[in-house]
Amino acid sequence: MASSARSHLRPLSADSLVELAYGSIRQSILAGEFKPGERLVESRIAAEMEISRAPVREAMQRLSQEGLTVEKPRRGNFVREVNGKDFVDIYNTRIAIESTAVRLAVRNKAPLEPIQKTIEALEKASRRGDVAKTVDLELKIHEQICEASDNQYIVMTFRSLAGPIQVALGMDDALYENLEDVATEHLPLLEAMRSGDADLAARTMESHIVSTVGPVLERLGGDPADLLTQAEEV
């Protein structure tokens with residue numbers, strides 16, 4: 001009598017479907033496949049993914065909470081748009097909080113191994129051409145620097161802006177001819193932190209934040225001169 005083969009596969013749960021929908025939509029947004037301002041139609045996405053609308057709806061709620069999408073009453077969900085003023089406001093806020101964060105991190109003599117490991121992971125992701133993962137890891141580096149400041153309010157402020165920052169980083173990174181440059185540009189920042197010179201670290205952070213945003217900002221109709229520091233290098 002032949003014995004029946006037991007499958008090692010587990011059925012997908014509702015939570016698994018939400019994670020799959022969330023991850024897929026999120027990656028498409030960060031990779032620029034869904035454009036800023038584009039409406040995300042639940043029924044169409046569900047049909048393309050061959051799942052019901054319920055997990056897509058939950059995924060949309062998570063994306064909205066993350067700041068990557070905007071829900072408009074009676075109209076649906078849209079990819080968050082970032083105009084020239086938004087871009088300037090986001091980057092000026094980053095300059096303010098991250099230059100302070102890196103000064104505190106240097107003063108605290110915070111361990112830099114976690115940041116080094118994330119840069120190494122960023123190098124691998126960028127080498128694969130994985131834009132979404134590159135954006136995630138780039139954001140993580142800057143969050144780790146904020147955490148190294150040992151200032152909970154800096155961390156809270158940075159995390160509250162994580163969604164818009166990710167959209168801005170995605171727009172910036174998408175313009176790189178060689179995505180590996182995204183990882184390379186973080187090495188001087190790490191070296192400045194290792195130097196123990198808080199002023200140097202802050203200047204390097206400011207320069208790092210604004211060094212590549214000029215083309216994106218001009219495309220959005222913004223003025224690079226509106227950035228508070230290092231504007232001449234944009």
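No side-chain heavy atom of Val106 sits less than 4.5 Å from a side-chain heavy atom of Leu200. Side chains of Val131 and Gln27 form no contact here, defined as non-hydrogen atoms less than 4.5 Å apart. At least one side-chain heavy atom of Leu179 sits under 4.5 Å from a side-chain heavy atom of Val182. Here the side chains of Tyr91 and Ile209 are in contact, with some heavy-atom distance below 4.5 Å. The shortest distance between side-chain heavy atoms of Asn77 and Arg39 does not fall below 4.5 Å. Residues Ile141 and Leu137 form no side-chain contact, since every pair of their non-hydrogen atoms from C-beta on lies 4.5 Å or further apart. A 4.5 Å side-chain heavy-atom check between Lys35 and Val79 finds every atom pair outside the cut-off.
The aromatic rings of His208 and His142 sit parallel, their planes meeting at an angle under 30°, below the 60° perpendicular limit.
Distance alone, capped at 3.5 Å, is enough to place a donor-acceptor pair between the Ser28 side chain and the Ser24 backbone.
Side-chain atoms of Tyr22 and Glu66 form a donor-acceptor pair, as typed in the model, at a separation below 3.5 Å. With 3.5 Å as the limit, one finds a donor-acceptor pair spanning the side chains of Gln144 and Thr118.
Both Leu161 and Ile95 are members of a single hydrophobic cluster when ILVMFWY side chains are connected at heavy-atom separations under 4.5 Å. Residues Leu63 and Val70 fall into different hydrophobic clusters, defined by Ile, Leu, Val, Met, Phe, Trp and Tyr side chains chained together at heavy-atom separations under 4.5 Å. No continuous path of hydrophobic side-chain contacts links Phe158 to Met156 [ILVMFWY only; heavy atoms under 4.5 Å]. Tracing side-chain contacts under 4.5 Å through hydrophobic residues (I, L, V, M, F, W, Y), one reaches Ile145 starting from Leu112; they form part of the same cluster.
Heavy atoms only, all atoms of each residue included: Asn92 and Leu228 are closest at OD1-N, 2.9 Å. Here the closest heavy-atom approach between residue Ser149 and residue Asn108 is recorded as O-ND2, 3.0 Å. The heavy-atom pair separating Leu104 from Ile154 by the smallest distance is CD1-CD1, 3.9 Å. Closest heavy-atom contact between Thr134 and Leu122: O-CD1, 3.4 Å. Closest non-hydrogen pair, Ala21 versus Met49, comes out as CA-CE, 3.6 Å. A pairwise comparison of heavy atoms in Glu81 and Pro36 identifies CG-C, 3.6 Å as the closest pair.
Salt bridge absent: Lys117 and Glu120 never bring a charged side-chain N and a carboxylate O closer than 4.0 Å. The existence of a salt bridge linking Arg128 and Glu180 is excluded, since no basic side-chain nitrogen approaches an acidic carboxylate oxygen closer than 4.0 Å. Residues Asp226 and Lys85 are not paired through a salt bridge, judged by the lack of any N-O separation under 4.0 Å between the basic side chain and the carboxylate. Of the charged side-chain nitrogens involved, at least one lies within less than 4.0 Å of a carboxylate oxygen, so that Glu147 and Arg159 count as a salt-bridged pair.
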Worksheet item: Taking it one step at a time, do Asp197 and Arg103 satisfy salt bridge (charged side-chain N to carboxylate O under 4.0 Å, His left out)?
Response: CA-CA 8 Å; Asp197 185 333; Arg103 283 180 184 277; over 6 Å; no
Item to complete: Check the pair Gln166 / Arg80 against side chain to side chain donor-acceptor pair (under 3.5 Å), numbers first and verdict last.
Response: CA-CA 11 Å; Gln166 280 186 306; Arg80 177 180 288 276; over 6 Å; no
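Within a 6.0 Å radius of CZ in Arg194, other residues, nucleotides and ligands contribute more than 12 heavy atoms.
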